[in-house]
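Notes follow once the structure below has been shown.
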Amino acid sequence: MALTTCPICDKRISDKEKVCPHCQTALDSDTSSAKRIRQIEKSTRLMTHSFIAMTIFIAGVVVWFWGGEVASGPRAIVGGVLFAFGFVGYLITRVRIVLNKRKQL
């Protein structure tokens, strides 16, 4: 008895199983369409995360330069934190998108 991964939920299961005990997917049928749907959902979720991170980044820039001058005091701290979190979040999400696309190939 060897362990394999379920094509739908990616959890470890026995190769003798007819139905995945985690996601209840029948393993004897064609699971390519369900696997493709899962990949599309993951890609969509990553794009949403990328959009949120970019929005946070832009909010940081707007807070920093609000009123035409560089921020000072608490406004500078808030703007800098939003800027940094948005930038780092965007970079991490873009790397995850590239890795997800490589996995699809």
Side-chain angles (χ1 to χ4, degrees):
M1 179 173 90
L3 291 177
T4 61
T5 57
C6 174
I8 305 303
C9 65
D10 284 337
K11 294 193 177 174
R12 306 277 300 188
I13 59 171
S14 169
D15 62 346
K16 308 282 186 204
E17 296 283 344
K18 302 290 184 208
V19 176
C20 176
H22 306 287
C23 65
Q24 307 304 322
T25 302
L27 300 173
D28 55 355
S29 65
D30 183 29
T31 58
S32 62
S33 62
K35 189 173 183 178
R36 180 70 182 140
I37 290 170
R38 184 174 168 269
Q39 284 290 337
I40 291 170
E41 287 173 348
K42 185 173 183 179
S43 178
T44 303
R45 192 170 50 250
L46 287 172
M47 291 302 290
T48 303
H49 291 171
S50 176
F51 177 74
I52 290 169
M54 182 57 72
T55 304
I56 293 171
F57 173 79
I58 292 171
V61 171
V62 167
V63 167
W64 186 271
F65 291 108
W66 189 261
E69 58 189 41
V70 178
S72 60
R75 197 176 82 187
I77 294 171
V78 171
V81 167
L82 288 174
F83 181 83
F85 274 118
F87 185 72
V88 171
Y90 183 76
L91 287 179
I92 290 171
T93 306
R94 294 308 296 180
V95 168
R96 290 179 63 204
I97 288 171
V98 168
L99 293 176
N100 186 46
K101 285 185 179 180
R102 278 192 181 174
K103 188 177 178 181
Q104 288 179 1
L105 299 177

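Numbers for residues simply follow the sequence, beginning at 1. This structure is a prediction, so every number in the text was calculated from the model and none was measured.
At a threshold of 4.5 Å between non-hydrogen side-chain atoms, the residues Val95 and Leu91 do not count as touching. Side-chain contact check for Lys101 versus Ile97: some heavy-atom pair is nearer than 4.5 Å. Side-chain contact between Thr48 and Arg45 is absent, with no heavy atoms from C-beta onward closer than 4.5 Å. Residues Arg12 and Thr5 are in side-chain contact: their nearest non-hydrogen atoms beyond the backbone lie under 4.5 Å apart.
Distance NZ/Lys42 to CG/Leu46: 6.5 Å, rounded to 0.5 Å. Distance check, rounded to the nearest 0.5 Å: CG of Leu3 to NZ of Lys11 gives 14.5 Å. Within the model, atoms CD of Gln39 and OG1 of Thr44 stand 11.0 Å from one another, a figure rounded to the nearest 0.5 Å.
In this structure, Arg38 places its CZ atom where more than 12 heavy-atom neighbours from other residues, nucleotides or ligands lie under 6.0 Å away.
Of all non-hydrogen atoms in Arg75 and Val63, the two that sit nearest each other are NE-O, 3.4 Å. The minimum heavy-atom distance between Cys6 and Cys23, with the atom names listed, is SG-SG, 3.7 Å. For Ile13 against Cys20, the heavy-atom pair with the smallest separation is CG2-SG, 4.1 Å.
Note on Met54: it clusters hydrophobically with Phe87, by side-chain heavy-atom contacts below 4.5 Å among ILVMFWY residues. Under the 4.5 Å side-chain heavy-atom criterion for ILVMFWY residues, a single connected hydrophobic cluster contains both Ile77 and Phe85.
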Task: Test side-chain contact (heavy atoms from CB on, under 4.5 Å) applied to Val98 and Arg94, step by step - done: CA-CA 6 Å; Val98 168; Arg94 294 308 296 180; 5.7 Å; no
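By the side chain to side chain contact (heavy atoms under 4.5 Å, CB included) test, Val61 is found to be paired with Phe57, Phe65, Phe83, residues two or more places apart in sequence or in another chain being considered. Not counting sequence neighbours, Tyr90 has no partner by the ring pair (Phe, Tyr, Trp, His ring centres under 6.0 Å) test.
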